[in-house]
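This structure is a prediction, so every number in the text was calculated from the model and none was measured.
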Amino acid sequence: MTRVLNIAHRGARSLAPENTLAGFKIALETGVTTLETDLAITRDDQVVISHDPQLNPDLTRGPDGQWLATPGPVIRTLTLDQLKRYDIGRLNPASKYGQQ
């Protein structure tokens, strides 16, 4: 007997921001049986959810509230407090990824 897995890659990406608890919750509510995500570690050894090793400009606003124009710092180089200064997870509608 073959078992089919219903996997949510980074949560319910089309229904909620990727790699968020809200996205994982919606994925589970729609019948997903397996959640997949990636992790990163900050400079002060805190584990965070992140698909990319550095801050993705398609998904990140800087501490000034502006979308990053280029890839941001590598997460491992930031403390958790420094990382929390960024707004991460919203999709920049002007990016190629946002226009898909």
Side-chain angles (χ1 to χ4, degrees):
M1 176 188 265
T2 301
R3 181 176 172 202
V4 176
L5 295 177
N6 186 358
I7 301 172
H9 179 67
R10 296 186 246 163
R13 290 175 47 187
S14 62
L15 302 174
E18 62 187 54
N19 285 322
T20 63
L21 292 176
F24 297 140
K25 181 177 186 273
I26 291 170
L28 291 171
E29 289 170 349
T30 62
V32 165
T33 57
T34 305
L35 297 173
E36 183 278 334
T37 193
D38 302 296
L39 303 173
I41 300 175
T42 62
R43 190 173 77 209
D44 52 346
D45 296 324
Q46 299 299 306
V47 177
V48 296
I49 294 175
S50 179
H51 178 71
D52 302 300
Q54 66 190 93
L55 299 181
N56 182 336
D58 294 339
L59 305 169
T60 308
R61 292 179 196 236
D64 62 359
Q66 299 299 312
W67 292 104
L68 298 184
T70 61
V74 174
I75 292 170
R76 184 66 174 156
T77 67
L78 301 170
T79 65
L80 183 59
D81 283 340
Q82 290 170 325
L83 183 61
K84 286 181 177 182
R85 294 182 188 140
Y86 292 85
D87 180 0
I88 304 169
R90 299 173 202 254
L91 188 56
N92 180 349
S95 70
K96 288 182 184 180
Y97 183 38
Q99 292 174 8
Q100 291 176 348

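Summarising the geometry of Gly23 relative to Ala16, their closest heavy-atom pair is CA-CB, 3.6 Å, with the distance given to 0.1 Å. Here the closest non-hydrogen pair linking Gln54 and Gly72 is NE2-O, 3.1 Å. The heavy-atom pair separating Pro57 from Trp67 by the smallest distance is O-CE3, 4.0 Å. Considering all non-hydrogen atoms of both residues, Glu36 and Phe24 come closest at O-CE2, 4.4 Å. When every heavy atom of Val32 is checked against every heavy atom of Ile7, the shortest pair comes out as CG1-C, 4.2 Å.
Two different hydrophobic clusters hold Val47 and Val74 under the rule that ILVMFWY side chains link at heavy-atom gaps under 4.5 Å. Under a hydrophobic clustering in which Ile, Leu, Val, Met, Phe, Trp and Tyr are joined whenever their side-chain heavy atoms come within less than 4.5 Å, directly or via other members, Tyr86 and Leu80 fall into the same cluster. Clustering ILVMFWY residues whenever any of their side-chain heavy atoms sit less than 4.5 angstrom apart, transitively, puts Leu68 in the very cluster that holds Val48.
The distance from the CG atom of Asn56 to the OG atom of Ser50 is 8.5 Å, given to the nearest 0.5 Å.
For the pair Ile41/Gln46, no side-chain contact is recorded, criterion being any heavy-atom separation below 4.5 Å from C-beta on. When side chains are defined from C-beta on, Asn92 does not count as touching Thr60, because their heavy atoms never get closer than 4.5 Å.
Other residues, nucleotides and ligands contribute only 12 or fewer heavy atoms inside 6.0 Å of the CG atom of Leu21.
With 3.5 Å as the limit, one finds no donor-acceptor pair spanning the side chains of Asp81 and Thr79. No side-chain donor from either of Asn6 and Thr33 sits under 3.5 Å from a side-chain acceptor of the other.
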Practice item. Show your reasoning for whether salt bridge (charged side-chain N to carboxylate O under 4.0 Å, His left out) applies to Asp45 and Arg76. Key: CA-CA 8 Å; Asp45 296 324; Arg76 184 66 174 156; 2.9 Å; yes
Review point. Which is it for Ile49 and Leu39 under the side chain to side chain contact (heavy atoms under 4.5 Å, CB included) test, yes or no, and what are the steps along the way?
Key: CA-CA 5 Å; Ile49 294 175; Leu39 303 173; 4.0 Å; yes
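Thr77 contributes no side-chain N or O that, together with a main-chain N or O of Pro73, makes up a donor-acceptor pair within less than 3.5 Å.
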